[in-house]
A.B. asks: 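This is the structure, below, for whatever I ask next.
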Amino acid sequence: MPHTPSRHLAQGPRVGIRHFTYADAAEFTARARESKDLHHPWLFPPDSVQAYEAYAARLIEDRTKAGFLVCEQAADGADDAAGAAGMDGADGVSGGGSIAGFVNINNIVEGGFLSGALGYGAFAHAAGRGLMREGLGLVVRHAFGPMRLHRLEINVQPGNAASIALARACGFHLEGFSPRMLYIDGAWRDHQRWAITAETVTSG
């Protein structure tokens, strides 16, 4: 079923997570353009409204995907200002402060597997502030809670030190290495496989 715009699905001290909406196009693409130097050569989020709409449609409509925006907690009164500025969901419900980054769960498999593959990125204004660590932790708990998944995997290029550090900080464990796993930026790239299971989180 399509996601509906809503307030945060989960919140921490500094960020909350919510689903993507089509109304997030302007802010998301502006953040992506500002962050090109940070993302290259690892990540290529949509930086035009047309590209964002296609990207968001897959996350909103496809049952095998779930997309989450990591948003800074808004100061008192900022929700009303954001809503008035049109930076929100189509139903007028405010989603909170500025978009710090995103976490997507792809290739969701149900049945006996109950697994998904994570991809994520911080935007430049939020990098190095610990916001994505908090946001990824919220997504992991949401995946193992309301989404009832059992296992999450992160596939990351060995040279992407920041992404590996985030995976490790959030409790993911290195499971293996896959040569020439994904086609990115014009070539087949090697990836490390990091994973976490629901038991790891619930056992502390």
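Everything numeric here is computed off the predicted structure, so don't read it as measured data. Side chains are part of it too, since the values below use all heavy atoms of this structure and drop only hydrogens, waters and symmetry mates. Here, residue 1 is the first one in the sequence, and each next residue gets the next number.
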A.B. asks: Group every Ile, Leu, Val, Met, Phe, Trp and Tyr by side-chain heavy-atom contacts under 4.5 Å, then state whether L38 and L136 land in the same group.
C.D. replies: no

A.B. asks: Test V70 against M132 for side-chain contact (heavy atoms from CB on, under 4.5 Å), laying out the working first.
C.D. replies: CA-CA 7 Å; V70 177; M132 285 302 295; 4.1 Å; yes

A.B. asks: Can you name the nearest heavy-atom pair linking R18 to T21, along with the distance?
C.D. replies: NH1-CG2, 4.2 Å

A.B. asks: If we ignore hydrogens and angles and just use 3.5 Å, is the side chain of R189 paired with the main-chain N or O of I184 as donor and acceptor?
C.D. replies: yes

A.B. asks: Step by step, would you call E199 with T197 a side-chain hydrogen bond (donor to acceptor under 3.5 Å, both in side chains)?
C.D. replies: CA-CA 5 Å; E199 293 87 351; T197 63; 3.2 Å; yes

A.B. asks: Can you give each donor-acceptor pair under 3.5 Å made by side-chain atoms of residues 100-111, sequence neighbours left out, with the distance rounded to 0.1 Å?
C.D. replies:
unit_1 : atom_1 : unit_2 : atom_2 : d
N104   : ND2    : Y55    : OH     : 2.7

A.B. asks: For the pair Q73 (side chain) and G12 (backbone), establish whether a donor and an acceptor sit closer than 3.5 Å, ignoring hydrogens and angles.
C.D. replies: yes

A.B. asks: A quick test of your reading: do over 12 heavy atoms of other residues, nucleotides or ligands sit less than 6.0 Å from CZ of F113?
C.D. replies: no

A.B. asks: Atom CZ of F20 and atom NZ of K65: how far apart are they, to the nearest 0.5 Å?
C.D. replies: 11.5 Å

A.B. asks: With rounding to the nearest 0.5 angstrom, report the CE to CG distance, M147 to L9.
C.D. replies: 10.0 Å

A.B. asks: Under the criterion side-chain contact (heavy atoms from CB on, under 4.5 Å), I'd like the reasoning laid out for F172 against L166: C-alpha separation, chi angles, the key distance, then a yes or no.
C.D. replies: CA-CA 9 Å; F172 286 74; L166 180 56; over 6 Å; no

A.B. asks: According to a 4.5 Å side-chain heavy-atom criterion applied to Ile, Leu, Val, Met, Phe, Trp and Tyr, with indirect links allowed, do V139 and L114 form part of one hydrophobic cluster?
C.D. replies: no

A.B. asks: Are side-chain heavy atoms of D185 and H40 found at a separation under 4.5 Å?
C.D. replies: yes

A.B. asks: What are the two closest heavy atoms between A32 and P45, and how far apart are they?
C.D. replies: CB-CG, 4.1 Å

A.B. asks: Looking only at atom types and distance, does a side-chain atom of S178 sit under 3.5 Å from a main-chain N or O of M181, one as donor and one as acceptor?
C.D. replies: no

A.B. asks: Can a salt bridge be assigned to the pair R31 and D24 using a cut-off of 4.0 Å between side-chain N and carboxylate O?
C.D. replies: no

A.B. asks: How close do V49 and A25 get, counting heavy atoms only, and between which atoms?
C.D. replies: CG1-CB, 4.3 Å

A.B. asks: Atom CD in E27, atom CD1 in I99: separation rounded to 0.5 Å?
C.D. replies: 4.0 Å

A.B. asks: Please find the pair of heavy atoms, one from A124 and one from S35, that lie closest to each other, and give the distance.
C.D. replies: N-OG, 2.8 Å

A.B. asks: Taking all atoms of both residues into account, what is the closest heavy-atom pair of S48 and T29, and its distance?
C.D. replies: O-CG2, 3.3 Å

A.B. asks: If you look only at pairs with a residue in residues 131-146, which of them pass as a side-chain hydrogen bond (donor to acceptor under 3.5 Å, both in side chains), with sequence neighbours excluded?
C.D. replies: none

A.B. asks: Which is it for D190 and R180 under the side-chain contact (heavy atoms from CB on, under 4.5 Å) test, yes or no, and what are the steps along the way?
C.D. replies: CA-CA 4 Å; D190 299 341; R180 299 175 298 281; 3.9 Å; yes

A.B. asks: Tell me whether the centres of the aromatic rings in F44 and H39 are closer together than 6.0 Å.
C.D. replies: no

A.B. asks: One thing to verify: whether R129 and E72 come together as a salt bridge, which I'm taking to mean a side-chain N less than 4.0 angstrom from a carboxylate O.
C.D. replies: yes

A.B. asks: Please say yes or no: joined through hydrophobic side-chain contacts below 4.5 Å, possibly via intermediate residues, are V140 and L174 part of one cluster?
C.D. replies: yes

A.B. asks: Got a second to check how far E34's CD is from D37's CG, nearest 0.5 Å?
C.D. replies: 11.5 Å

A.B. asks: For the CZ atom of F28 and the OH atom of Y52, what is their distance to the nearest 0.5 Å?
C.D. replies: 6.5 Å

A.B. asks: Step by step, work out the side-chain contact (heavy atoms from CB on, under 4.5 Å) result for W194 and R168.
C.D. replies: CA-CA 8 Å; W194 292 75; R168 183 182 288 112; 3.4 Å; yes

A.B. asks: Could you pull out all donor-acceptor pairs under 3.5 Å where a side-chain atom in residues 155-165 meets a protein atom, sequence neighbours excluded?
C.D. replies:
unit_1 : atom_1 : unit_2 : atom_2 : d
N155   : ND2    : E153   : OE2    : 3.3
N160   : OD1    : S163   : N      : 3.3
S163   : OG     : Y120   : OH     : 3.0

A.B. asks: Just verifying a value: how many Å separate L152 CG and L118 CG, rounded to the nearest 0.5 Å?
C.D. replies: 5.0 Å

A.B. asks: Hey, is the main chain of A66 close enough, under 3.5 Å, to the side chain of H19 for a donor-acceptor pair?
C.D. replies: no

A.B. asks: Determine whether D47 and K36 make a side-chain contact, defined as any pair of heavy atoms from C-beta on separated by less than 4.5 Å.
C.D. replies: yes

